[in-house]
Amino acid sequence: MKRYRHYDKDTAIILSCFGSVIEQEKYLEFEKYIQNSFENIPVFTAFSSKMVIKELAKKGEIYKNLPQVMADVDMAGYKRYIIVSVNIFPTDEHEVLTRMVKGFREFSLANIRYTAPLLYKTKETSNYLNFLDAKVREANADVINLYIIHGVPVLNLGGLEAVNYTSSFLKMINEKNLTCSLEGEFPFFAIKDAIKRDILKLTDGDKSTKVQIIPMLLVSGNHYDKDMQEICQEVGEYCDASIVPSITQDEKFNLLGQQEVREIFRANIEVELKKLGL
């Protein structure tokens, strides 16, 4: 086939990230980590948020979305490439990614695969959540942890089972774990009275009891600076609330900077490389 002669390069990796106006460097640091992990395979990065892309363009920082980067990689002649779902759950952002890949397969001659997101496989998810809860309790085993999951705006996505499992698992491994979301199932604004009731029950009304707000976010961007601070202030009206300290060298708590999280993403890439026979 004449068209296939233009596919004269081997394999590429494309990181598909949401993006952040104020924490974009975290994704670029992650790109370096993946490039160092797969030295012989070029790594490209795409961002799905058009708002982020447009805002950063105003500052002279030019980025592309996933279809644009896939087109560039395809035009460059890569025979195989792996799209890395740099997402926490297999919900809306991951679903969009899979539709883009399936659409691209209709006309590209390349062998295109995509990875699972972070919390997808039961064993890895369970091990990571056990690690995370133990890590954030090192300074105080009796602290109450309020985990804030971003959530999704609709209730008919198959990936919601992963969100539900995460929430249920965290509450099961420690009775002092509570969960809610920013804008998905059980959002804080709608259940904050129930959260207050549960915290007061655990503290016997002692306002000196420490409660940690734990943002389940890949990077500590606008949601961290705005929403998490507001939730912390509201919870702080009836207990000693604070946002959990970073467990990495980063100033703010985030998931993407954690080595354990990076290892899961790296392992997901290795799975797809093996499926390509590499």
Side-chain angles (χ1 to χ4, degrees), residues 87-89 91 117-120 122 124-155 157 159-248 252-256 258 260-261:
N87 298 292
I88 299 177
F89 298 107
T91 48
L118 178 66
L119 302 183
Y120 180 77
T122 53
E124 288 82 351
T125 297
S126 302
N127 287 341
Y128 172 68
L129 295 175
N130 265 322
F131 154 79
L132 179 62
D133 196 62
K135 191 69 177 177
V136 296
R137 289 184 178 280
E138 282 184 346
N140 183 354
D142 293 324
V143 68
I144 296 172
N145 287 331
L146 175 57
Y147 288 89
I148 313 290
I149 298 168
H150 182 276
V152 293
V154 295
L155 297 172
L157 289 177
L160 282 175
E161 181 58 35
V163 180
N164 293 333
Y165 178 81
T166 296
S167 178
S168 298
F169 187 90
L170 288 168
K171 288 186 283 189
M172 186 173 291
I173 61 175
N174 196 305
E175 63 180 4
K176 291 188 176 181
N177 283 343
L178 303 173
T179 66
C180 66
S181 75
L182 286 179
E183 53 190 45
E185 290 182 307
F186 308 109
F188 179 81
F189 75 85
I191 66 166
K192 57 185 176 181
D193 288 340
I195 294 290
K196 179 179 180 180
R197 178 197 64 212
D198 290 343
I199 290 177
L200 291 178
K201 188 183 297 183
L202 289 169
T203 64
D204 293 325
D206 183 359
K207 287 191 174 183
S208 66
T209 301
K210 293 188 178 298
V211 174
Q212 291 185 137
I213 308 299
I214 303 178
M216 295 290 282
L217 303 170
L218 281 176
V219 301
S220 47
N222 285 325
H223 281 312
Y224 182 99
D225 287 347
K226 185 177 184 294
D227 301 298
M228 296 303 165
Q229 299 293 342
E230 291 176 357
I231 291 174
C232 187
Q233 288 178 6
E234 286 201 48
V235 175
E237 294 176 2
Y238 50 87
C239 63
D240 182 7
S242 61
I243 296 179
V244 64
S246 174
I247 61 174
T248 65
K252 302 174 183 177
F253 180 89
N254 67 87
L255 301 188
L256 198 57
Q258 298 172 22
E260 292 73 16
V261 167

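What you are looking at is a predicted structure, and each value in this text was computed from that prediction instead of being measured. Count residues from 1 along the sequence.
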Pairwise distance OG1(Thr166) to CD1(Ile88) - rounded to 0.5 angstrom: 9.0 Å
Taking all heavy atoms of Ser242 and all of Cys232, pick out the closest pair and write down the distance. CA-SG, 3.5 Å
Test side chain to side chain donor-acceptor pair (under 3.5 Å), reference Asp240, set Lys207, Gln212, Lys210, output is Lys210
List, one per line, each side-chain donor-acceptor pair under 3.5 Å for residues 187-199, sequence neighbours excluded.
from	atom 1	to	atom 2	distance (Å)
Lys192	NZ	Glu234	OE1	3.3

Solution key, residues 173-186 side-chain donor-acceptor pairs under 3.5 Å, sequence neighbours excluded:
from	atom 1	to	atom 2	distance (Å)
Asn174	OD1	Lys176	N	2.8
Lys176	NZ	Asp142	O	3.4
Asn177	OD1	Arg137	NH2	2.6
Asn177	ND2	Asp133	OD1	3.1
Asn177	ND2	Asp133	OD2	3.4
Asn177	ND2	Leu170	O	2.8
Thr179	OG1	Ser167	OG	2.5
Ser181	OG	Gly184	N	2.9
Ser181	OG	Gly184	O	3.3
Ser181	OG	Glu185	O	2.9
Glu183	OE2	His150	NE2	3.4

Side chain to side chain, Leu200 and Cys239, heavy atoms closer than 4.5 Å: no
Is there a side chain to side chain contact (heavy atoms under 4.5 Å, CB included) between Tyr120 and Thr125? Walk through the geometry before answering. CA-CA 7 Å; Tyr120 180 77; Thr125 297; 5.6 Å; no
Gap separating the CG atom of Asp227 from the CG atom of Asn222, nearest 0.5 angstrom: 8.5 Å
Value for CG (Leu255) from CG (Leu217), rounded to nearest 0.5 Å, stands at 7.0 Å
Measuring only between side-chain heavy atoms, which start at C-beta, is Asn130 closer than 4.5 Å to Phe169? yes
Quick one: does Val152's side chain get under 4.5 Å of Phe89's, heavy atoms only? no
Distance, nearest 0.5 Å, that separates CG of Leu118 from CD of Glu260: 11.0 Å
Within the 4.5 Å heavy-atom criterion, are Ile243 and Tyr224 side-chain neighbours or not? yes
Please examine the side chains of Lys252 and Asp225, heavy atoms only from C-beta on, and report whether any two atoms are closer than 4.5 Å. yes
Hey, which of Ile148, Val163, Leu129 is the one that makes side-chain contact (heavy atoms from CB on, under 4.5 Å) with Met216? Leu129
What's the separation between atom CG in Asn127 and atom CG in Leu132, rounded to the nearest 0.5 Å? 12.5 Å
Output every pair passing ring pair (Phe, Tyr, Trp, His ring centres under 6.0 Å) with a member in residues 192-218, not counting sequence neighbours, ordered by first then second residue. none
Measure across Val154 and Leu160 and return the closest heavy-atom pair with its distance rounded to 0.1 Å. O-CD1, 3.6 Å
Closest contact, heavy atoms only, Gln258 versus Asn254: NE2-O, 3.0 Å
